[in-house]
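All values reported here derive from a predicted model rather than from experimental measurement.
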Amino acid sequence: MGSLFTSFNVGVSGLHAAQSGLHTTSHNLANVKTPGYTRQQNMQADKMYQVHKSTDKGLMQIGLGTKVDAIRQIRDHFLDKEYRLEVSRLTFYDKQFETVTEIEDVLGEMEGVEFNNALTDMWAHIQSLSTDPSNVTERQLFISGAESFINKAYDVYTALSNYQTGLNLEISKQVDKINEIGEKIAKYNLMISQAEASGLENANDYRDDRNLLLDELAEYTYYVYEEDIDGKIQVYINNAPLVIEGNSYHMKCEQIDEDTPMYKPVWADNGYGDVYRLDEAYSHEKKTDTGSLLGLLTARGNKFANYLDMPVKPDREDPKYNPGGVFDQNAYDLDYKKFSDELKVFNNTTGNSILTKIETQFDVLIHNITTMINDILCPNSTVTAAGTGTDANGNTVNFGAGAKVLDVTNCLVGTDDEGTIGEELFARKGVSRYNVLTVAGPMTDANGNTITQETTDANGNTVYKLYLYNEEDPDELWTQYSIRDLEINDKILANYSILPVKENPLAGHTDVYSQQMYTDMLSFWNNKTASLDPNILTVYKYDDYYDQMVGALGTQGSVWYSILEDQIVETEGFEDKRQQIAGVSTDEELVSLLQYQHAFNAASRYINTIDEMLQHIIERLS
């Protein structure tokens with residue numbers, strides 16, 4: 001009787017196993033189109049065995065039926081990690097390409113038509129003025145053309161910088177989204193742990209929801225994760241914890257510094273600082289070309305860049321390395337070492353961001369054109385010995401040997417009655433070109449040219465004026481000939497007659513309009529003077545420089561678009577592989593459904609047979 005009842009229980013266990021299989025299969029079919037759903041499968045195992053007889057040969061056992069050991073998810077965690085890595089790279093390069101298209105719009109279509117017209121017009125105004133410099137109308141047109149040129153350059157640069165700061169909103173939104181995902185993952189960690197604490201079931205649907213969150217998180221940032229024995233996962237971004245068991249940590253946005261209104265993400269409550277290193281170039285090997293958030297930060301850069309961010313390789317032919325005709329190797333090596341250090345910084349920061357790189361290149365172009373014109377109108381020389389002078393406010397100003405000063409003898413003069421000197425066309429908003437000092441007596445440069453202007457004061461006394469050049473300070477924007485701080489000299493705008501266009505009487509010329517200045521301007525315009533990238537030796541003329549700048553931008557965009565297309569293929573490939581394993585196939589599930597139905601029917605018939613046998617035995621014994 002005991003063995004028959006045992007057999008009866010075996011049949012019941014078969015019914016339960018088949019019924020569980022039907023439920024699982026039905027659940028799979030019901031979630032065919034549910035995003036993130038992972039196909040589930042019953043894992044069956046033997047129940048305990050009853051020892052019937054023990055011999056020296058072994059045990060004779062009778063099985064007590066079957067059981068559902070687990071309902072597992074059919075999922076490949078290796079494919080999950082590869083998919084999330086490729087998704088992360090996809091969103092990173094998508095942001096790079098998106099930024100390129102925005103910059104192209106700012107510059108005026110792919111060929112840079114709009115600003116290229118401003119360059120062409122500036123060239124045309126120089127040529128036009130050179131044909132008749134005495135013509136008042138031509139001089140006015142030249143000045144208005146220069147103003148239009150600088151205004152257009154300012155508009156382009158402002159649009160680029162506004163786009164940079166405008167990314168703050170998107171960065172903030174992405175930081176909030178990452179925080180939200182982290183909180184949800186931590187919540188599911190607790191729910192999964194609680195549901196699986198008894199060891200009787202797996203919280204598969206909760207795991208599906210959590211995996212879907214991990215997929216979404218990969219779009220915003222690359223991360224690593226691991227699952228503990230309780231089913232909780234720990235998520236780390238650059239070794240800093242985002243989720244630890246049931247706790248989530250948060251990012252926040254901070255201004256990079258007081259002078260830069262751009263945001264950077266920092267950790268708010270886990271003791272770590274910056275979320276990402278923004279002083280290191282992105283790398284495929286280090287997996288730092290990942291995530292749309294880092295993609296935004298990389299494309300944007302960390303500052304408003306200008307011409308000073310472009311390292312300049314020292315020129316061996318520079319006279320300063322050849323004093324007295326003898327090459328100074330030590331001086332050159334020191335400057336080259338400085339250049340190499342600056343180049344590393346450039347490649348990891350300014351050159352690593354498409355926006356700051358374009359800003360630098362564009363500002364180099366504007367700086368070179370404006371300073372070229374200014375230096376022709378107001379050429380500089382140097383003092384041979386240190387000295388002191390008094391400025392207009394009565395302050396004593398010291399200057400050292402080699403200090404730059406206006407070359408009073410060879411500079412051009414205005415057409416006004418005073419023959420004004422030292423008035424540049426493109427001025428810095430924060431500082432004048434020269435600090436006019438009163439010195440004790442006349443001074444000359446190394447070539448014997450007079451560098452002091454001799455005038456008479458109100459009392460009839462002879463006064464000597466030295467035009468000390470206000471140098472550009474790398475740490476002070478207002479001292480730099482940079483787009484953000486350039487304007488047309490307001491004195492020239494108010495009185496065009498002080499524009500220096502005449503030869504200097506001190507050089508032996510009387511009431512002669514200069515032709516050499518236009519020759520020099522046109523010559524410099526056509527000389528190859530500027531490099532787009534400090535890593536390469538190629539230099540360009542001003543017109544070619546801009547064309548090459550825009551062309552290089554388009555080429556970089558094409559490269560990123562190609563990478564983007566490859567990443568789409570890679571991502572879709574891994575997703576297809578994931579779906580082949582984890583996705584629900586209706587045909588396969590219908591087959592499983594039939595199998596479990598047959599198993600259920602077989603178990604039912606088995607129980608009926610045992611029931612009939614029991615009934616027969618009971619009736620015979622009664």
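- Taking OH from Tyr163 and CG from Leu355, the interatomic distance works out to 6.5 Å, rounded to the nearest 0.5 Å.
- Using modelled atom types, no side-chain atom of Asp230 and backbone atom of Lys232 make a donor-acceptor pair closer than 3.5 Å.
- The closest side-chain heavy-atom distance from Tyr545 to Leu532 is below 4.5 Å.
- Here the NZ-CZ distance, from Lys577 to Phe78, works out to 8.0 Å after rounding to the nearest 0.5 Å.
- Ring orientation note: the planes of Tyr546 and Phe115 are tilted relative to one another, at an angle of 30° to 60°.
- Ring pair Tyr282/Tyr93 is perpendicular by interplanar angle, where above 60° counts as perpendicular and below 30° as parallel.
- A 6.0 Å sphere centred on OH of Tyr561 holds no more than 12 heavy atoms belonging to other residues, nucleotides or ligands.
- Gln234 places a side-chain N or O within donor-acceptor distance of the main-chain N or O of Glu245, the cut-off being under 3.5 Å.
- Here the side chain of Gln164 pairs a donor or acceptor atom with the backbone of Arg300 at under 3.5 angstrom.
- Salt-bridge formation is not detected for the pair Glu183/Lys187: no Lys NZ or Arg NE/NH1/NH2 atom is positioned less than 4.0 Å from an Asp or Glu carboxylate oxygen.
- Of the N and O atoms on the side chains of Ser482 and Asp485, not one donor lies less than 3.5 Å from an acceptor on the other residue.
- At distances below 3.5 Å, not a single donor-acceptor pair connects side-chain atoms of Asp289 with backbone N or O atoms of Arg89.
- Between the Asn352 side chain and the Asn347 main chain, no donor and acceptor come within less than 3.5 Å of each other.
- Distance check: Leu296 CG to Glu170 CD gives 4.5 Å after rounding to the nearest 0.5 Å.
- Residues Pro261 and Thr165 come closest through the heavy atom pair CG-CG2, 3.7 Å.
- Listed here is the closest heavy atom pair of Pro35 and Leu212: O-CD2, 3.7 Å.
- Within the 4.5 Å cutoff, the side chain of Asn306 has no heavy atoms near those of the Ile483 side chain.
- In this structure, the side chain of Glu359 does not engage the main chain of Phe304 through any donor-acceptor pair within 3.5 Å.
- No more than 12 heavy-atom neighbours from other residues, nucleotides or ligands sit within 6.0 angstrom of OH on Tyr336.
- Using modelled atom types, one finds a donor on one side chain and an acceptor on the other under 3.5 Å when comparing Glu575 with Gln579.
- The side-chain heavy atoms of Gln567 and Phe92, taken from C-beta on, include no pair separated by under 4.5 Å.
- The pair Arg428-Glu476 does not count as a salt bridge, with every side-chain nitrogen at least 4.0 angstrom from each carboxylate oxygen.
- To the nearest 0.5 Å, atom CD of residue Gln96 and atom CD of residue Gln556 are 8.5 Å apart.
- With hydrogens and angles ignored, the 3.5 Å screen pairs a side-chain donor or acceptor of Asn189 with a backbone N or O of Ile233.
- Residues Thr288 and Glu280 have side chains that never bring a donor and an acceptor to within less than 3.5 angstrom of each other.
- With respect to Lys177 and Glu216, a salt bridge is recorded, a charged nitrogen being found less than 4.0 Å from a carboxylate O.
- A salt bridge between Asp333 and Lys337 is absent, with no side-chain N of the basic residue lying under 4.0 Å from a carboxylate O of the acidic one.
- Using a 4.0 Å cut-off between a side-chain N of Lys or Arg and a carboxylate O of Asp or Glu, Lys95 and Glu98 qualify as a salt bridge.
- Between Leu297 and Tyr263, every side-chain heavy-atom pair lies at or beyond the 4.5 Å cut-off.
- For the residue pair Tyr276/Asn238, the side-chain donor-acceptor check at 3.5 Å is not satisfied.
- Between Asp269 and Lys252, none of the side-chain N atoms (NZ, or NE/NH1/NH2) sits under 4.0 Å from a carboxylate O, so this pair counts as no salt bridge.
- Note: Phe346 CZ to Met310 CE = 5.0 Å, rounded to the nearest 0.5 Å.
- Side-chain contact between Leu308 and Asp363 is absent, with no heavy-atom pair separated by less than 4.5 Å.
- A donor-acceptor pair under 3.5 Å links the side-chain atoms of Thr479 to the main chain of Asp473, judged by distance alone.
- A 6.0 Å sphere centred on NZ of Lys429 holds more than 12 heavy atoms belonging to other residues, nucleotides or ligands.
- Taken from CD1 in Ile103 to CD1 in Ile358, the straight-line distance is 5.5 Å, to the nearest 0.5 Å.
- In summary, Asp76 and Arg578 do not engage in a salt bridge, as defined by a charged side-chain N under 4.0 Å from a carboxylate O.
- Side-chain N or O atoms of Thr91 include one that pairs as donor or acceptor with a backbone N or O of Ser88 at under 3.5 Å.
- In this structure, a donor-acceptor pair under 3.5 Å is absent between the side chains of His250 and Asn179.
- Leu85 places none of its side-chain heavy atoms less than 4.5 Å from the side chain of Phe574.
- Residues Asn211 and Asp80 bring no donor and acceptor atom of their side chains to less than 3.5 Å of each other.
- The side-chain heavy atoms of Val12 and Ile607, taken from C-beta on, include a pair separated by under 4.5 Å.
- Between Ser248 and Ile185 the shortest side-chain heavy-atom distance does not fall below 4.5 Å.
- Taking a 6.0 Å sphere around OH of Tyr37, one finds it holds more than 12 heavy atoms contributed by other residues, nucleotides or ligands.
- With hydrogens and angles disregarded, no donor-acceptor distance shorter than 3.5 Å links the side chain of Arg75 to the backbone of Asp208.
- For Tyr154, the ring-ring contact (aromatic ring centres under 6.0 Å, His included) test picks out no residue, with sequence neighbours left out.
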